[in-house]
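Beneath this line is the structure, given in structure tokens, with notes to follow.
Only this structure's heavy atoms are used, side chains among them; waters, hydrogens and symmetry mates stay out. Each residue takes its place number in the sequence, starting with 1. Note that the structure is a prediction, hence the values are computed from the model and not measured.
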Amino acid sequence: MVILGAGLTGLSTALHLRGAPYLLVEREQRVGGKARSERRDGYTFDVTGHWLHLRDDRVRALVGDLFEPGQLVEIERRTGVYTHGVMLPYPFQANLHGLPLDVVRDCLVDFVEAQIEGAKPDTPAPRTFREFAERRFGRGIAELFFVPYNTKLWGVTPDELTPDWGSRFIPLPEPAQVVGGALGLRQDGLGYNARFVYPRAGGIDHLPEAMAARLRGHNPEAVRVGCAVEEFDLVGRRVKLSGVPDWVEYRALVSTIPLPQLVARTPHAPAEVREAAAALRWVSWRYLDVATRRAPPISEHWVYVPETHIPFFRVGVYSNALPAMAPPGGGALYVELADRGGTPDMPEIIRHLCAMGAVDSPEDVVFTALREIECAYVLFDDACHEATATIHQWLASVGGVRSCGRYGAWVYNSMEDSIIQGMEAAAWVK
């Protein structure tokens with residue numbers, strides 16, 4: 001069989017085949033996909049925040065088996081929301097205390113009204129993410145956080161997004177928690193990611209590298225990097241790979257490459273499938289690696305920044321979670337930029353980082369590096385569900401192909417979800 005893409009899903013698929021022959025190919029020169037790390041002058045940076053949140057016992061057992069005792073550290077999340085010049089605990093909707101009193105009052109009134117409206121039996125389901133946020137939390141909380149933050153993150157207004165993508169990932173506090181947080185009773189531990197594990201040596205790439213090392217220990221030739229997909233012949237069950245003179249035949253194909261790319265590389269895909277692939281959209285974004293001489297004043301691991309006049313939407317501090325990510329006394333940060341193009345205004349960005357306490361002073365910055373992610377998140381608009389269903393139904397009708405992972409399935413998921421999808425793909429193969 002052939003596995004395309006050596007990200008977490010592809011690696012997990014190979015690990016769970018239990019001796020079945022396979023070829024795992026990756027177009028980049030190293031495994032990991034977006035679960036990779038860069039190192040420079042003693043600083044380590046991931047592709048923004050890659051904290052491993054584990055809830056599934058199977059994944060916990062797998063990760064634990066890949067590392068020696070003590071090589072992983074478990075960390076309790078410290079997360080904030082920076083707005084109105086103050087740092088609030090996350091999630092915003094359950095920690096309003098600290099905002100101006102009139103703002104808190106209006107948010108609570110809107111929240112209560114939303115609860116009353118939502119309890120009516122004839123209330124229709126929300127059609128957009130904006131409607132979901134307003135009906136679940138009230139207009140005030142929606143307009144202060146959910147609308148501006150998600151506009152910055154997705155690059156489109158929440159009116160263009162469907163509401164179903166975030167059901168697992170957005171904390172839904174009870175009314176008592178919302179009121180308590182507004183009164184100053186801090187609400188911690190809400191949401192799916194209250195704790196996470198991370199390699200003690202620093203860098204999330206230790207996880208895929210450990211997976212690949214296990215695979216290579218069994219078969220050194222089974223993992224091939226620097227090998228891209230050129231073309232698919234799904235009916236003939238063969239694939240053309242770069243640097244390989246002949247077509248590679250397969251009994252089963254597990255693809256984790258982005259769904260539109262799979263269709264684009266299949267010349268005989270039906271017209272309706274090509275149209276469906278053309279309808280799919282995704283989010284590209286840019287971020288900064290930021291190295292500082294001194295540890296950042298803030299203690300948070302990452303911070304959400306909803307206000308539209310600030311040129312970034314999220315800031316993370318790797319070294320707050322693991323000091324080994326920076327030289328002694330230093331800081332390693334990531335800054336996710338709202339602007340998708342043009343030259344970043346670095347003095348303005350650093351000014352805002354200083355104002356929120358993520359950087360001590362402009363002179364404290366050792367270096368910055370601009371990074372780009374071509375396909376960061378799948379964009380869930382009105383066309384997404386029908387288009388992905390059309391493509392997956394076509395793949396099922398062809399047979400022998402499973403497209404999975406965040407980009408292969410075209411979903412919003414976590415690293416753990418990607419590993420689980422690899423387990424499921426291996427079971428499908430067997």
Here the gap from Leu253 atom CG to Leu234 atom CG, rounded to the nearest 0.5 Å, amounts to 7.0 Å
Would you sort out whether Val254 and Cys404 count as a side chain to side chain contact (heavy atoms under 4.5 Å, CB included), showing the intermediate values? CA-CA 7 Å; Val254 173; Cys404 55; 3.7 Å; yes
Can you sort out the partners of [X] under ring-ring contact (aromatic ring centres under 6.0 Å, His included), two or more places apart, ordered by chain and number?
X      : answer
Phe137 : Phe146
Tyr43  : Phe367
Phe196 : Trp51, His53, His301
Trp154 : Trp165, Tyr377

Q: Name all residues meeting the side chain to side chain contact (heavy atoms under 4.5 Å, CB included) criterion together with Glu131; count only those two or more places apart in sequence or in a different chain, and write none if there are none.
A: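 Per chain and number, Glu131 pairs via side chain to side chain contact (heavy atoms under 4.5 Å, CB included) with Pro126, Arg127, Thr128, Arg135.
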Side chain to side chain contact (heavy atoms under 4.5 Å, CB included) filter on Glu38, not counting sequence neighbours, yields Arg30, Arg36, Arg371
Could you tell me whether the side chain of [Y] reaches within less than 4.5 Å of the side chain of [X], counting heavy atoms only?
X      : Y      : answer
Ile141 : Leu96  : yes
Leu288 : Met346 : yes
Leu17  : Ile3   : yes
Ser403 : Leu259 : yes
Arg340 : Val283 : yes
Glu300 : Met356 : no
Ile350 : Val290 : no
Arg200 : Gln71  : no

How close do [X] and [Y] get, counting heavy atoms only, and between which atoms?
X      : Y      : result
Pro297 : Gly357 : CD-O, 2.9 Å
Ala269 : Val263 : CB-CG1, 4.2 Å
Glu26  : Ala6   : OE1-N, 2.8 Å
Ile391 : Ala276 : CG1-CB, 3.9 Å
Thr44  : Gly203 : CG2-CA, 3.9 Å
Asp46  : Asp289 : O-OD1, 4.2 Å

query: Looking at Thr151, Leu144, Asn150, which hits side-chain contact (heavy atoms from CB on, under 4.5 Å) with Val147?
result: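 Answer to the side-chain contact (heavy atoms from CB on, under 4.5 Å) test with Val147 among Thr151, Leu144, Asn150: Thr151.
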Under 3.5 Å, side chain of [X] to main-chain N/O of [Y], donor-acceptor pair present?
X      : Y      : result
Asp205 : Gly32  : no
Lys152 : Phe312 : yes
Lys34  : Gly7   : no
Ser397 : Trp394 : yes
Arg293 : Glu363 : yes
Thr256 : Leu4   : yes
Asp364 : Thr292 : no

In short, side-chain hydrogen bond (donor to acceptor under 3.5 Å, both in side chains) pairs touching residues 258-271 with sequence neighbours left out are none
Glu386 atom CD, over 12 foreign heavy atoms within 6.0 Å:
no
Under 3.5 Å, sequence neighbours excluded: what are the donor-acceptor pairs made by side chains of residues 214-229?
| unit_1 | atom_1 | unit_2 | atom_2 | d |
| --- | --- | --- | --- | --- |
| Arg214 | NH1 | Asp65 | OD2 | 2.9 |
| Arg214 | NH2 | Asp65 | O | 3.1 |
| His218 | ND1 | Arg214 | O | 3.4 |
| Asn219 | OD1 | Glu221 | N | 3.1 |

What pairs of donor and acceptor atoms, side-chain ones from residues 410-423 against any protein atom, are under 3.5 angstrom apart with sequence neighbours left out?
| unit_1 | atom_1 | unit_2 | atom_2 | d |
| --- | --- | --- | --- | --- |
| Asn413 | OD1 | Arg406 | NE | 3.2 |
| Asn413 | ND2 | Ser418 | OG | 3.4 |
| Ser414 | OG | Glu416 | N | 3.4 |
| Ser414 | OG | Asp417 | N | 3.1 |
| Ser414 | OG | Asp417 | OD2 | 3.0 |
| Glu416 | OE1 | Arg55 | N | 3.4 |
| Glu416 | OE2 | Arg55 | N | 2.7 |
| Glu416 | OE2 | Asp56 | N | 2.8 |
| Asp417 | OD1 | Arg168 | NH1 | 3.3 |
| Asp417 | OD2 | Arg168 | NH1 | 2.9 |
| Asp417 | OD2 | Arg168 | NH2 | 3.2 |
| Asp417 | OD2 | Ser414 | N | 3.0 |
| Ser418 | OG | Ser414 | O | 3.3 |
| Gln421 | OE1 | Gly405 | N | 2.5 |

Show me, pair by pair, the donor-acceptor contacts under 3.5 angstrom made by side chains of residues 85-95, not counting sequence neighbours?
| unit_1 | atom_1 | unit_2 | atom_2 | d |
| --- | --- | --- | --- | --- |
| Gln93 | NE2 | Pro171 | O | 2.8 |
| Asn95 | OD1 | Gln187 | N | 2.9 |
| Asn95 | ND2 | Pro91 | O | 3.2 |
| Asn95 | ND2 | Gln187 | O | 3.2 |

Taken in chain and number order and not counting sequence neighbours, the residues that satisfy salt bridge (charged side-chain N to carboxylate O under 4.0 Å, His left out) with Arg314 are Glu336
Open item on the list: Ring centres under 6.0 Å, that's the criterion: do Tyr407 and Trp282 meet it?
Closed with: no
*Passes side chain to side chain contact (heavy atoms under 4.5 Å, CB included), Val366 versus Asp41? Steps please.*
CA-CA 10 Å; Val366 179; Asp41 301 337; 5.7 Å; no
Exactly one of Tyr304, Trp285, Tyr82, Tyr287 clears ring-ring contact (aromatic ring centres under 6.0 Å, His included) with Phe313, and that residue is Trp285
Do the ring planes of Tyr149 and Phe145 sit parallel (below 30°), tilted (30 to 60°) or perpendicular (above 60°)? parallel
So the ring pair (Phe, Tyr, Trp, His ring centres under 6.0 Å) pairs with at least one residue in residues 325-352 (sequence neighbours excluded) are His309-His352, Tyr318-Tyr334
**OP:** Could you walk me through whether Tyr198 and His206 pass the side chain to side chain contact (heavy atoms under 4.5 Å, CB included) test, one step at a time?
**Re:** CA-CA 9 Å; Tyr198 197 80; His206 288 285; over 6 Å; no
Review point. So Thr162 and His385, side chain to side chain contact (heavy atoms under 4.5 Å, CB included) or not? Walk me through it.
Key: CA-CA 10 Å; Thr162 56; His385 179 74; over 6 Å; no
NZ/NE/NH1/NH2 to OD/OE distance under 4.0 Å, Glu74 and Arg60: yes
